[in-house]
Amino acid sequence: MDRIVNDPKTDDDNRSVTLTNYRHRIEHSLKLQALRWALKTKYNVPEYCEVCDILVPVMRLIIEINKTEELRHLALDLCREFGFLDVDVCVGAVYEYGDCVLEVVSTSPLNNKELCAVAFDCENQADFPILRWNITLPGRKPPPHPPQPPAPESPKLTVLHLSDIHVDFGYKPGSLAECYQPVCCRFGQPLHGQAGAGFWGDYRGCDLPYWTAEAIVQYIAATEKNIDFVYFTGDLPPHNVWNQSRADQIYTINTINQLLAKTFPNTTFYSAVGNHESAPSNLFPTPIIPRENISWLYEVLADRWINLGLPADTRESILHGAFYTAVIRPGLRLVSLNMNYCAPDNYWLFINGTDPLDQLQWLVQWLQYAEDHEEKVHIIAHYPPRFCLAVFSWNFNRIINRYENTIAGQFYGHTHYDEFNMFYDEIDPTRPVSMAYITPSLSPRPFSNPSYRIYTMDGNYSGSSYWVLDHRTVIMNLTASNMYNHTIMHEEYYARDAYQMENLFPKDWDNLIERLQNDIDGPLMGTVYKHYTKSYADGSQCDHKCRRRLCGFKTTRSDDPHACDSIPPFIDS
């Protein structure tokens with residue numbers, strides 16, 4: 001590594017690359033988020049950002065002198081030096097992400113510091129003019145009309161929300177459940193004193209066996225008799241990121257969608273694409289990357305989603321970018337977004353991330369149409385906006401603010417936890433205007449029980465608000481299921497009852513945050529944490545530092561410097 005950094009033009013080391021046999025076997029790499037986490041855990045922020053500041057100019061010099069093979073050696077040296085990557089996973093990262101990283105580093109208009117800012121959050125992205133752009137918002141915003149409770153006897157809708165199934169077809173009961181790869185429970189024998197992978201699943205870094213996913217969806221179909229439609233927000237494949245292929249992803253998508261179609265034959269699914277559906281994961285090229293093509297995925301999604309009930313006229317926009325709009329009920333429009341075009345893990349955005357595929361402008365056009373035609377809109381997507389590149393999330397916040405009277409619900413996944421995010425008025429930051437539900441995952445990783453969510457919404461009648469009136473979460477107790485060798489499901493909680501809320505409108509969620517802040521070490525925050533982990537843990541396992549995660553509920557904007565200002569700091573008495 002020192003040789004490459006100090007004298008990159010020297011080529012006296014003729015080490016042969018003997019790992020090319022991995023290339024066709026490994027069609028994925030470790031997510032950048034995992035790399036960030038590992039570096040932050042092992043090194044403090046200035047040190048790993050300093051590494052980025054050093055490596056980017058070195059990489060650009062090596063690319064310029066056409067010594068790119070040296071970069072593969074450098075990447076492998078870094079893996080050995082940091083020592084946190086499994087060898088197979090490291091090789092997969094080098095060989096599968098290598099071409100993309102080289103093209104991004106060589107062609108991105110971002111300078112060294114700007115690349116580190118978007119890749120590792122080393123500096124505030126808003127500090128760089130090249131990373132700022134604004135969406136065009138038409139018309140004048142109407143006066144706000146906050147939602148009002150419907151009459152008790154008014155019709156209701158029951159909506160199922162599924163997300164982050166992550167079915168692992170290679171799951172092996174009794175296998176090693178604690179390993180050094182992104183997903184375990186697939187090989188090996190447990191060490192002395194350790195339990196092997198449970199039959200129905202395992203908390204320790206493992207995804208969901210297919211038979212468990214099948215049992216859960218069959219339970220839903222048998223128990224939830226009055227489901228009107230389903231929101232399905234992506235991430236079907238498992239986390240075995242070092243040995244996936246396009247064929248693997250297509251098989252998973254087809255198999256899971258066929259299971260859902262068979263189990264819910266007369267129910268419409270409104271789907272969104274997750275970051276794990278692509279191969280390699282997270283990489284969704286934009287049209288300015290001509291040699292890369294994602295149409296193989298979008299063609300499969302269009303076929304499967306329409307087979308699950310979407311109208312045929314959604315095909316064109318799905319093929320274009322895996323986003324679409326459809327009318328669910330008279331007066332209720334659904335917009336499904338592909339938020340992979342905002343994600344920091346999608347490296348192609350480092351070349352040009354300005355409203356890829358004009359998706360945000362498309363969203364604005366449909367929201368304006370809905371406003372003009374007095375429709376309400378539900379938005380579904382995989383990534384919550386808080387996890388997007390800063391400029392995207394801030395523009396998204398502007399859009400939600402502008403159309404607060406039209407947007408009646410937002411539904412996301414991705415985090416695997418039970419969360420919510422608040423939107424506040426841009427002029428009066430104390431006034432809540434909208435909120436985003438982040439539904440917990442079916443996958444038990446990391447350290448949580450499989451779960452699904454049922455929403456009760458204002459129903460189909462003239463003048464309906466179509467707002468969520470209550471929701472309940474159902475979990476599978478993984479410990480008990482493995483102990484008694486059958487799936488044990490139970491209702492975890494109803495939101496209004498558990499949090500003593502009058503309604504589930506933005507002002508009610510804002511009031512909950514206020515109550516939590518005023519007694520952050522009290523029992524209510526303990527209840528929130530228990531539900532956050534899907535009853536894997538309880539409030540006694542969450543100290544004051546842990547409870548300050550509340551600040552993540554208070555904003556939908558990444559790089560928000562003041563999100564935690566009102567959270568009481570820890571005072572050591």
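These numbers were taken from a predicted model, which means no experiment stands behind them. Each residue takes its place number in the sequence, starting with 1.
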TODO: Assess the cysteine pair Cys116 / Cys122: is their SG-SG separation shorter than 2.5 Å?
DONE: no
Task: SG atoms of Cys184 and Cys179 less than 2.5 angstrom apart - done: yes
Is the [X]-[Y] ring centre distance short of 6.0 angstrom?
X      : Y      : value
Tyr270 : Phe232 : no
Tyr251 : Phe169 : yes
Tyr417 : Tyr532 : yes
Phe269 : Trp305 : no

If you measure from [atom1] on [X] to [atom2] on [Y], what distance do you get to the nearest 0.5 Å?
X      : Y      : atom1 : atom2 : answer
Glu277 : Ile294 : CD    : CD1   : 10.0 Å
Ser434 : Ile399 : OG    : CD1   : 12.5 Å
Ile351 : Thr286 : CD1   : OG1   : 7.0 Å
Ile328 : Lys376 : CD1   : NZ    : 14.5 Å
Leu308 : Thr267 : CG    : OG1   : 10.0 Å

TODO: Apply side-chain contact (heavy atoms from CB on, under 4.5 Å) to Thr555 and list each qualifying residue two or more places apart in sequence or on a separate chain.
DONE: Arg386, Arg557, Asp560, Ala563
TODO: Could you tell me which residues satisfy side-chain contact (heavy atoms from CB on, under 4.5 Å) with Glu299, sequence neighbours excluded, listed by chain and number?
DONE: Ser295, Leu319
Does [X] use its side chain to pair, donor to acceptor, with the backbone of [Y] at less than 3.5 Å?
X      : Y      : value
Thr314 : Pro311 : yes
Glu492 : Ser535 : yes
Ser336 : Ser271 : yes
Asn421 : Gly552 : yes

Salt-bridge present ([X], [Y]; N to O < 4.0 Å):
X      : Y      : answer
Lys534 : Asp418 : no
Asp303 : Arg315 : yes
Arg402 : Glu426 : no

Task: Closest non-hydrogen atom pair, Thr233 against His161 - done: OG1-NE2, 2.9 Å
TODO: Begin from the C-alpha positions of Trp362 and Phe323 and carry the test ring-ring contact (aromatic ring centres under 6.0 Å, His included) through to its verdict.
DONE: CA-CA 10 Å; Trp362 173 88; Phe323 52 85; 4.8 Å; yes
- [ ] Kindly indicate whether the side chain of Tyr369, heavy atoms from C-beta on, has any atom under 4.5 Å from the side chain of Arg333.
- [x] yes
Open item on the list: Within the structure provided, determine whether Asp313 and Tyr324 are in side-chain contact (heavy-atom separation under 4.5 Å).
Closed with: no
Task: Flag for Thr354-Asn352: side-chain donor and acceptor within less than 3.5 Å - done: yes
Open item on the list: Between Tyr466 and Asn460, do the side chains contain a donor N or O and an acceptor N or O under 3.5 Å apart?
Closed with: yes
Task: Test ring pair (Phe, Tyr, Trp, His ring centres under 6.0 Å) applied to Tyr437 and Tyr412, Tyr455, Phe420, the passing residue - done: Tyr455
TODO: Check the angle between the aromatic planes of Trp467 and Phe505 and answer parallel, tilted or perpendicular using the 30° and 60° thresholds.
DONE: perpendicular
